[in-house]
K.L.:
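The structure follows.
One-based numbering, in listed order, for ligands and for the atoms of each. Only a predicted model underlies this, so the values are computations on that prediction, with no experimental measurement involved.
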Amino acid sequence: MKFQNRRLASLAAAALVTSLALTACGGDDESGSSDAGGSGGGDGTTVTFIPKNLGNPYFDTSNAGGKEAVDEFGGSYEEVGPAEGSPDGQVQYINTATQQGRNALVVSANDPDALCDAIGEAMDADIKVVTYDADTNPDCRDIFVNQADSAGIAKAQVDLIAEQIGDEGQIAFLSAAANATNQNEWIDLMNEEIEANHPDIEVVDTVYGDDDDQKSFDATAALLQKHPDLKGIVSPTTVGIAAAARYLSTSDAKGKVALTGLGTPNQMREYVEDGTVTAFALWNPADLGYLAAWTAKALADGDIEGEGDSFEAGRLGDYTVGEDNVVLLGDPFVFDKSNIGDFDF
Ligand code: RAM
């Protein structure tokens, strides 16, 4: 993977925008709704963001990007969602948004199938449905806004762990919810990449922390106990990697068991600085939410319907809807000691 200065500069600029947006937005409730309202007098498109769960800094940042976009086009933004990352919790918020006749929903799905009935009812009521971050089955939404090419996300993490453990030894995955489409796809692709190109790395376990801090912390402890020869952990979830880093940082395994995956710079900074973690990856979550909101608006306006259609996404420029009605944000990015100080999200 190449990391160009232009990309770094754009991430840093967006991080600054994000931190400003977060300051302006204030904190969100632990559950239920945080309606930030629209800027008034604009185009009036009503957009509801439903993350996997509330209280996850990753979604705070991505949804602040969503609000930034909705404010730019003068729509009305709200964020609602369950406290725990479960599909059942999301269904009720989809139903409410349908009853309210919102123009568009932007959803990170906790399960590929379980939301489809509720989403179907929303679509029957002419509500446009964008998935972002974690997709449903493609036939039960309008467009998926993908943070980065899944194979690229998988390869970035395999490259990192291979480098950190000298390309040999036992590793395990610490994932989010067992049904999360995004983590499951990345893990499948990581397994394929390891099988094809890293014959001396052995994946000995995959465990699930459900994007819950304490569960992920406990799962890390259990992994280390169960696999005394473990050389590394890959956690493709910002909640999991932060909890695992916290566990490792005060354990005997610090510096002996490598940890990488997908994290936010603000959650990982202290563990990079204290040597628990060398490097990890992510994309810009604020840009993801921003792009998802502009996609929702383009759908609601009838400017796009699917594959081959193009639209303008504010400061990010023009995008074209690709195969399977997917819009791709960009490349993943690697954070380490040399650059983590440049980011604030
Ligand atoms: C967590 C969530 C989210 C995922 C990131 C990397 O915040 O599981 O869906 O994309 O990690």
K.L.:
Considering only distance and modelled atom types, tabulate donor-acceptor pairs under 3.5 Å from the side chains of residues 222-229, sequence neighbours left out.
P.N.:
residue	atom	partner	partner atom	Å
Lys226	NZ	Asp205	OD2	3.0
His227	NE2	Asp205	OD2	2.8

K.L.:
Check each heavy atom of Asp211 against ligand 1 and say whether those closer than 4.0 Å belong to the side chain, the backbone, both or neither.
P.N.:
side chain
K.L.:
Which side chain to side chain donor-acceptor pair (under 3.5 Å) pairs, counting each pair once, include a residue from residues 246-262, with sequence neighbours left out?
P.N.:
Asp213-Arg246
K.L.:
When the ring centroid of Phe73 is compared with that of Trp294, is the distance short of 6.0 Å?
P.N.:
yes
K.L.:
Among Asn53, Asp133, Asp60, which residue places a heavy atom closest to atom 9 (O) of ligand 1?
P.N.:
Asp133
K.L.:
For the residue pair Tyr77 and Phe49, does the interplanar ring angle fall in the parallel (under 30°), tilted (30 to 60°) or perpendicular (over 60°) class?
P.N.:
tilted
K.L.:
Can a non-hydrogen atom of Trp283 be found less than 4.0 Å from any atom of ligand 1?
P.N.:
yes
K.L.:
Quick check on contacts: which atoms of ligand 1 are under 4.0 angstrom from a heavy atom of Lys52?
P.N.:
2 (C), 3 (C), 8 (O), 9 (O)
K.L.:
Of all the non-hydrogen atoms in the protein, which one sits nearest to atom 7 (O) of ligand 1, and at what distance?
P.N.:
Thr238 OG1, 2.6 Å
K.L.:
Between Trp186 and ligand 1, find which residue part has any heavy-atom pair under 4.0 Å and reply side chain, backbone, both or neither.
P.N.:
side chain
K.L.:
Counting only nitrogen or oxygen atoms and a 3.5 angstrom limit, does Gln183 reach ligand 1?
P.N.:
yes
K.L.:
Quick check on contacts: which atoms of ligand 1 are under 4.0 angstrom from a heavy atom of Thr237?
P.N.:
1 (C), 11 (O)
K.L.:
Go through ligand 1 atom by atom and flag the ones less than 4.0 Å from a non-hydrogen atom of Asn56.
P.N.:
1 (C), 7 (O)
K.L.:
Do the charged groups of Asp142 and Lys128 touch, with an N to O distance under 4.0 Å?
P.N.:
no
K.L.:
Between the side chains of Arg315 and Asp287, is the shortest nitrogen-to-carboxylate-oxygen separation below 4.0 Å, so that they form an ion pair?
P.N.:
yes
K.L.:
I'd like to know whether the aromatic ring centres of Phe144 and Tyr132 sit less than 6.0 Å apart in this structure.
P.N.:
no
